[in-house]
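Presented below is the structure to which this report refers.
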Amino acid sequence: MGLAHTPDRATLLDIYRKMTLIKQNDEKSRAIILSGKIPMVYYSPRGQEVIPSAISVNLKATDNICTIYRGTHDMLAKGVPLKDLWAELAGKSTGTCKGKGGPMHITHPASGVLVTTGIVGSSLPIANGVALASQIRGDGGVAVAYFGDGASNIGAFHEALNMAAVWKLPVIFVCQNNLYGEHTKYEKTTAAKRVADRADSYQIPGVRVDGNDPLAMYDAAKTAIDRARAGDGPTLIEAMTFRFYGHVFGDADRYMDDGEKKAAMANDPVPRFRQWLIDNGHSSDADLSAMETAVGKEIDEAIEAAIAAPFPDVAELRKDVFAEEIPA
Amino acid sequence: MGLAHTPDRATLLDIYRKMTLIKQNDEKSRAIILSGKIPMVYYSPRGQEVIPSAISVNLKATDNICTIYRGTHDMLAKGVPLKDLWAELAGKSTGTCKGKGGPMHITHPASGVLVTTGIVGSSLPIANGVALASQIRGDGGVAVAYFGDGASNIGAFHEALNMAAVWKLPVIFVCQNNLYGEHTKYEKTTAAKRVADRADSYQIPGVRVDGNDPLAMYDAAKTAIDRARAGDGPTLIEAMTFRFYGHVFGDADRYMDDGEKKAAMANDPVPRFRQWLIDNGHSSDADLSAMETAVGKEIDEAIEAAIAAPFPDVAELRKDVFAEEIPA
Amino acid sequence: MENAAASKSQKVNMIQALNMALHEAMEKDKNVIVFGEDVADPEEGGIVGVTKGLSTKYGELRVRSTPISEQAIVGAAIGAGIVGMRPVAEIMLMNFTTVAMDMIVNHAAKLRFMSGGQTHVPITIRTATGSGLGVGGQHADYYEAWFAHVPGLKVVMPSSPAEAYGLLLSCIEDDDPCIFVENTLLYFAPGTPPVPGTRIPLGKANVIREGNDVTLICYGPHVAPSLAVADALSQENISVEVIDLRTIAPWDKATVLASVAKTRRAVITHEAVKPFGVGAEISSVIHEELFSQLKAPVQRVGAPYSPVPYSKPLETAFMPGIETIKAAVLKTINR
Amino acid sequence: MENAAASKSQKVNMIQALNMALHEAMEKDKNVIVFGEDVADPEEGGIVGVTKGLSTKYGELRVRSTPISEQAIVGAAIGAGIVGMRPVAEIMLMNFTTVAMDMIVNHAAKLRFMSGGQTHVPITIRTATGSGLGVGGQHADYYEAWFAHVPGLKVVMPSSPAEAYGLLLSCIEDDDPCIFVENTLLYFAPGTPPVPGTRIPLGKANVIREGNDVTLICYGPHVAPSLAVADALSQENISVEVIDLRTIAPWDKATVLASVAKTRRAVITHEAVKPFGVGAEISSVIHEELFSQLKAPVQRVGAPYSPVPYSKPLETAFMPGIETIKAAVLKTINR
Ligand SMILES: Cc1ncc(C[n+]2csc(CCOP(=O)(O)OP(=O)(O)O)c2C)c(N)n1
Ligand SMILES: Cc1ncc(C[n+]2csc(CCOP(=O)(O)OP(=O)(O)O)c2C)c(N)n1
Ligand SMILES: [Mg+2]
Ligand SMILES: [Mg+2]
C-alpha cells in the first residue's frame with residue numbers, strides 16, 4: 001500500500017534522533033536503577049520508540065499529549081527537557097513537578113505534556129477536554145491520547161471515543177498495542193481482532209499500523225493529525241509494537257513465551273531504522289554515531305544533575321493541594 | 001427476509017396476553033398516579049410492550065433478567081405477580097421488596113427478575129455475573145440484560161460486552177432503542193448509526209430488529225437465546241421502539257417533535273398485533289376481549305390490595321442492611 | 001414552575017438563582033463552558049431547567065448536551081480546565097458521581113499537586129441529591145464526606161437560592177475543582193433573590209443566627225430545620241447559634257471553634273448517613289480543640305445506617321428532621 | 001519471594017497466608033470463584049502471587065484472568081453472588097476501585113436492602129494499597145472511610161499473615177459484600193503462620209496488648225508501629241492497651257468503649273488521610289459515649305491533607321509513623 005505522506009530528510013533524522021534518545025534513555029534508566037543511585041518503579045518503553053517519535057514530528061510545541069505510566073518515550077519525543085525529567089524521576093525539587101509527581105505523573109505543559117496518568121484508560125477522556133478547548137477557541141490545536149491495548153477494554157475508552165466522535169473533537173487516540181496488559185495476552189482479554197476495528201462503533205477512521213515502522217507510523221499520524229486540525233474529528237490509531245522489558249522493570253516475564261520476546265528484540269526498530277537511513281543515503285554511520293554520542297552525553301549530564309539536586313522541603317506537602325497553601 | 005423461527009398459536013396468544021397486560025397496567029398506573037392514590041415516580045414503558053413479551057416466551061422461569069427503572073413491561077412479561085408488584089409500588093410491606101425497593105428496584109427472584117436498577121448501564125455487568133454462574137454450573141440458564149439506547153454510550157456497556165464475548169457467557173443484551181435518552185435524541189449523543197453495529201467491536205452477533213413487530217422480535221430473541229443456551233455466547237439485540245409518555249410520566253415532552261410521537265402512537269403495536277391475530281385466524285375479537293377483561297380485573301384487584309395493605313414498620317430500616325439486624 | 005415562584009412576591013427558587021449565576025458567569029468570562037446530560041435548550045435546558053437559555057444565548061459550542069457518559073463528562077471538564085477554560089460540568093444526581101469517581105478523585109483533585117503546581121483544574125461539578133421524593137435507594141445519597149476526605153477537592157453545599165447564586169459563582173471563579181451539591185427538595189423552595197454580582201467566599205461559614213447556649217452547625221437542606229429548631233427553642237429560653245458551613249471542604253474551623261468556645265456546646269447535623277459522615281470530623285475537631293471548655297459532648301445528627309428506603313413512612317423515618325435535631329440540641333443541655 | 005520467606009524460620013508472609021486461605025476456600029466450597037486482572041497461573045497467579053496455583057488446581061472455569069474492566073469485574077461478582085456463588089474479585093489497587101464505585105456502592109451494598117432481603121451479595125472484593133513504595137499520587141490511597149460510610153458494606157483490613165488468613169476466610173464465608181484491604185508493604189513481612197481452619201470473626205476487634213493508661217486503636221499497617229509505641233512507652237512506665245480493629249465497618253464499639261472506659265484516654269491511628277478519615281468516627285463515638293470519663297480528648301493520627309507525594313523525603317513525612325503515634329499518645333497524658 002502506498003503511503004500518502006513521506007517525511008523529508010530532516011524529519012527522518014529528527015525521528016531517528018528521538019528514537020535514539022528514547023532508547024539510550026531507557027538503557028541508562030535501567031542501569032541507574034540497578035546501580036541503586038536512582039530507585040524508581042519503571043515501566044520501560046524500550047521497543048516502542050518509533051510510535052511517539054513519528055507522531056511528534058507532526059505535532060507543534062503547542063499541541064498537547066496525555067500519556068501513561070509507560071510514557072517516557074512519549075514525553076521525550078514531545079520534547080520534555082532531560083534535566084527536568086531526570087530531576088523529577090529522582091524526586092528532586094528541580095524536577096518538572098518539584099519531585100511531587102514522580103515517574104508516573106510527569107507533567108510539562110511547556111512542551112505539551114499535560115497529563116501522565118497511572119490509571120488505565122484515563123488519558124482518553126482528559127485528552128478530549130484538551131481538544132474541546134481547542135475546538136471552542138478555534139486555535140487549531142490537536143490533542144493526542146496515548147494508551148495501551150489493555151486500556152481498550154475499559155469503560156473510559158468507549159465513553160471517550162464516542163464523545164470525541166459525536167463532537168468531532170481534534171483528538172488522536174493512539175493505542176500502543178504491545179500485545180500484553182501486565183501479564184495478560186491481548187487475545188485473552190480482548191474480543192476484537194484489532195483494536196482499530198473498534199473505531200467503527202463510533203464511525204471514525206480506525207487504522208492498524210506497524211508501530212515499529214517509522215514511515216508507516218509517520219503516514220498514519222500525519223493523516224490523523226491533518227484530519228483533526230482540519231476539523232474533521234478524531235482517529236483511532238492502533239500501533240503494533242512490543243515491550244522488550246516486560247510490564248514493570250524487574251518482571252520475571254514468565255508469562256511470556258521466550259521466543260516471542262527474542263524475536264521482537266531481534267527485530268529492534270532502532271538499529272533497523274538506523275541502517276535504513278544509511279542504506280537510503282539519508283545519513284552516514286559517522287554522522288549518526290556523532291548524534292548518538294551527543295544524545296548520550298546529554299542524558300548523562302541530566303542524570304548527574306538530578307543526583308546532585310536537592311530534595312524538596314517537606315513544607316511542599318502543604319503547597320499545590322489548593323491554590324492557597326494549607327496552614328501548617 | 002424470512003424468519004428462522006415462528007411462534008405457534010399458543011405462543012402468539014401468550015405474547016399478546018403479556019402485551020395487553022403491560023398496556024393495561026400502564027394505563028392503570030397513569031390513572032392511579034393522577035388520582036393521587038398511589039404516588040410514584042413512573043417511567044412508562046407504553047409503546048415498548050412487544051420487546052419483553054416476545055423475548056419472555058422464549059425464557060424459562062429459571063432464566064433471569066436484569067432490568068432498569070423503565071422496566072415494568074420487562075417484569076410483567078417475565079411473570080412478576082401483579083399483587084406483589086403493586087404492593088411494592090405502593091411501598092407496602094406485602095410488596096416484592098417489603099416496600100423498601102420501590103418502582104426502580106423491583107426484585108422477584110421467583111419469577112427471574114433479579115435486579116432492577118436506576119443507574120444507566122449497570123444492568124449489563126450484573127447480568128454477566130448471573131450468566132457466569134450458569135456457565136460454571138453448566139445449568140443451561142441464560143440471562144437477559146435490558147437497557148436503553150442512551151445506555152449504549154456508558155462505560156459499563158463496553159466492559160460488559162467485551163467480557164461476555166471473551167468468556168462466551170450465556171447472556172443476551174437487549175437494547176430497547178426508543179430514540180431518546182431522557183430529553184436527548186439518539187443521534188445527538190451516539191456516534192453509531194445503529195447500536196447493533198457495536199457488536200462488531202466484540203465479534204458477537206448484533207441485530208437490529210423492529211421491536212414493535214412480535215414475529216421479528218420473537219425470531220431475534222429465540223435465535224439469541226438458543227445460541228446462548230448452546231454455549232455459543234452473547235448476542236446484542238437492538239429493538240427499535242418508542243416511548244409514548246416521554247422520559248418520566250409528567251414530562252412536558254417539549255424536546256420532542258409532536259408529529260414523531262403522534263406517528264408512533266398511531267402505529268400502536270398492541271392493537272396492531274391484536275388485529276393481526278384476528279386477521280390470521282389465531283383468535284377472535286370476542287376471545288381477545290375476554291382475555292383483556294380478565295387481565296384488567298386482575299390488575300384492579302392488585303391495585304386494590306396494594307392500597308389496602310399495611311406499610312412496613314420503621315424497624316425495617318435496621319433489617320436487610322446486613323444479614324444480621326443492626327442493633328437499635 | 002419557576003415563573004410561578006417568581007411572581008409570588010418577587011421570590012426566586014434555587015433553580016432560578018443557579019440559572020442567574022450561570023448566565024452571569026458565561027457572560028463575564030468566555031472561558032466558562034457548560035455541559036452535561038440534557039443541559040442545552042433543545043433538551044429543555046436541564047431536567048429541572050437550571051441551565052435554561054444558556055445554549056440559546058451562548059451557543060452550542062459552549063453549552064452542550066452530552067451522551068450519558070459521566071467519565072467522559074468529567075474528563076472533558078478536566079482537560080479543558082487544564083488549558084484554561086472554566087468548565088461547569090453537570091452530573092445529574094450525586095449517585096451518578098460513582099461512575100466518575102476516578103476522574104474526580106485520581107485526576108481533578110490531584111493534578112495541581114502531582115504536577116507541582118504547573119497545571120490546575122478550575123472546574124465546577126454541579127450535582128444534586130436528597131431524600132423525600134420517593135426515589136428509593138439509588139437516587140438520594142450524600143457523598144460529601146467522601147469528597148471532603150480527598151485532599152484537593154472543595155465541597156460546597158448551598159442552603160437557599162441566594163446562597164446558591166453566590167457560592168456557585170465563587171466555585172466557577174475558583175482555581176480549584178469544586179463539587180457543588182444541590183438539594184432536590186430545595187430546588188423548588190422560594191427565597192429572597194440574590195443581589196446580582198454578589199460572591200460568597202469559599203471556605204467561610206456563615207453565622208446565620210447568634211446565640212449563647214449551643215452552637216448548631218449545619219449545611220444545605222439542614223439549614224432551614226436548624227433555624228426552625230433555634231426558633232422553637234428560643235421559646236424555651238434556649239439560645240441557639242446557627243452556623244451554615246457553606247463549604248464542607250475546606251471547612252471554616254475558625255468560625256466554628258470561636259462559636260463553640262463561646263457556647264461550650266455543639267451539635268452538627270446533616271442529611272447524610274451519620275456514621276463516618278461529615279459530622280464525625282467536625283465533632284472530633286471540636287473535642288480536640290475545646291475539650292476542657294465543653295460542657296457536654298458534641299452531638300451528631302444524620303440519617304441512620306441504611307440505604308435510602310422507598311416506602312414513605314420509612315423514608316420519613318430515615319430523614320433526620322426538626323425533632324431529631326431538637327432532641328440532639330436538648331441532649332447537650334441535659335434536657 | 002515467598003519461598004525465601006517460608007524457609008526463614010517457618011514464617012510465612014501475607015501473600016502466602018492469603019494464598020492458603022484462597023486454596024482452602026476453593027477446596028471447601030465449589031461456589032467460591034476467583035477473578036481479577038492476571039490472577040490465573042498463565043499470568044503468574046497475580047502480580048505478587050496471591051492467587052498462585054488456584055487456576056491450575058481448580059481450573060480456568062473457576063479462576064479467571066479478566067480484561068482491565070473493573071466495572072465488569074465487580075458486576076460479574078455481584079451477578080454471580082446473587083445466584084449463590086461466593087466470588088472473590090480482585091481490584092489490583094484501591095485507587096482502581098474508583099472506576100468500580102457504582103457497582104460497589106449502588107449495587108453490592110444495597111441489593112439486600114432494596115430487594116427486601118430476597119437477594120444478597122456474598123462477595124469479597126480484595127484490593128491493596130499503601131504508601132512507602134514510591135508509586136506517587138495514584139497508587140497508594142486509602143478509601144476505607146468511604147466504604148465505611150456506605151451502609152451495607154463490610155470493610156476489613158488485616159494486620160499480619162495469620163490475621164489475613166482468618167479474616168479473608170470469614171469474608172468469603174460471610175453473606176454480605178466485604179471489602180478486604182491488603183497493605184502492599186505488609187505483603188512481604190514474615191509472620192507466624194496461620195493455624196489451618198482458623199476463622200477470625202468479622203466485626204470483632206482484637207485487644208492485642210493490655211494496658212491501663214491509654215487505649216491505642218489501630219488497624220492494618222498501623223498495628224505494628226502501634227505495638228512498637230506501646231513497647232517503647234512501657235519503658236517510660238506508660239501502659240498502653242493496643243486494639244486492632246480488624247473490621248472497620250461495622251466496627252466493634254463494645255470492645256473499644258470497654259477499653260477506653262478503663263483507660264480513660266484514647267488515640268486512633270491510621271495511614272489514611274486524617275481529615276474525614278475513620279479516626280473521626282471512632283473519636284466522635286468515644287467522646288459521645290464516654291465524655292465525662294475521659295481525662296483528655298481523643299487524639300487522631302493520620303496522613304496530612306495532601307495527595308500521596310513521590311519524592312522520598314516527602315513520602316516519609318507524609319506517612320504517619322512511630323514518632324507521630326507516640327506523640328499523640330503522650331499528648332493524651334499531657335507529656
Ligand atoms: C483502572 C486500572 N486498572 C488496573 C490497573 C493496573 N495496571 C497498570 S498497567 C496495566 C496493564 C495495562 O496494559 P496496556 O493498556 O496494554 O498498557 P501497557 O502497560 O502494555 O503499555 C494494569 C492492569 C491500573 N493502573 N488502572
Ligand atoms: C449513570 C447514570 N447517569 C445518568 C442517569 C440519569 N438518567 C436516568 S434515565 C436516563 C436516560 C436513559 O436513556 P436510555 O438508556 O435510552 O433509556 P430509556 O429511559 O430511554 O428507556 C438518564 C440520563 C442515570 N440514571 N444513571
Ligand atoms: Mg499493552
Ligand atoms: Mg432511550
Side-chain angles (χ1 to χ4, degrees), chain A residues 119-126 128 131-132 147-169 171 173 175 177 180-181 184-206 208 232-236 238, chain B residues 119-126 128 131-132 147-169 171 173 175 177 180-181 184-206 208 232-236 238:
Chain A
I119 309 292
V120 165
S122 60
S123 58
L124 294 85
I126 300 178
N128 271 353
L132 173 66
F147 57 99
D149 47 296
S152 73
N153 295 322
I154 203 160
F157 167 91
H158 178 65
E159 294 191 8
L161 265 72
N162 183 63
M163 182 180 276
V166 168
W167 289 356
K168 283 203 166 197
L169 297 177
V171 58
F173 299 108
C175 175
N177 187 343
Y180 285 88
T184 310
K185 273 192 209 305
Y186 175 80
E187 308 80 48
K188 192 163 183 174
T189 56
T190 317
K193 274 225 183 63
R194 303 161 171 239
V195 173
D197 295 342
R198 291 190 164 163
D200 294 347
S201 274
Y202 318 101
Q203 298 185 278
I204 60 169
R208 177 182 264 200
D232 295 330
T235 299
L236 171 61
E238 179 187 19
Chain B
I119 309 291
V120 165
S122 60
S123 58
L124 294 86
I126 300 177
N128 271 355
L132 174 65
F147 57 99
D149 47 295
S152 74
N153 295 322
I154 204 160
F157 166 92
H158 177 66
E159 294 190 10
L161 265 73
N162 183 63
M163 182 180 276
V166 169
W167 289 356
K168 283 202 167 198
L169 297 177
V171 57
F173 299 109
C175 176
N177 187 343
Y180 286 87
T184 309
K185 273 191 208 307
Y186 174 80
E187 309 81 46
K188 192 162 182 175
T189 56
T190 318
K193 273 226 182 64
R194 303 160 172 240
V195 173
D197 295 343
R198 290 188 164 164
D200 294 347
S201 275
Y202 318 101
Q203 297 185 277
I204 61 169
R208 179 182 262 200
D232 295 330
T235 299
L236 171 61
E238 179 187 18

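The analysis underlying the following values was restricted to heavy atoms, covering all of them including side chains, and did not include hydrogens, waters or symmetry mates. The structure displayed is predicted, hence computed values, not measured ones. Order of the sequence lines sets the chain letters (A, B, ...), proteins ahead of strands, with each chain counted from 1.
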*asked:* Given heavy-atom pairs under 4.5 angstrom as the criterion, report whether the side chain, backbone, both or neither of B/Lys193 touches chain A.
replied: both
*For each of A/Val166, A/Ile204, A/Asp200, tally heavy-atom pairs with chain B at distances under 4.5 Å, and name the one with the top tally.*
A/Val166
_Just by distance, no angles: are the side chains of B/Ser201 and A/Ser201 close enough, under 3.5 Å, to form a donor-acceptor pair?_
yes
_Nearest-0.5 Å distance, CH2 of residue B/Trp167 to CG of residue B/Leu132_ = 6.0 Å
*By side chain to side chain donor-acceptor pair (under 3.5 Å), which residues pair with A/Arg194, not counting sequence neighbours?*
none
*Please determine, among B/Glu187, B/Lys188, B/Gln203, the option with the most heavy-atom pairs under 4.5 Å with chain A.*
B/Gln203
*Minimum heavy-atom distance A/Asn177-A/Glu238, with the two atoms named*: ND2-OE2, 2.9 Å
_At a 4.5 Å cut-off on heavy atoms, which part of B/Asn162 comes close to chain A: side chain, backbone, both, or neither?_
both
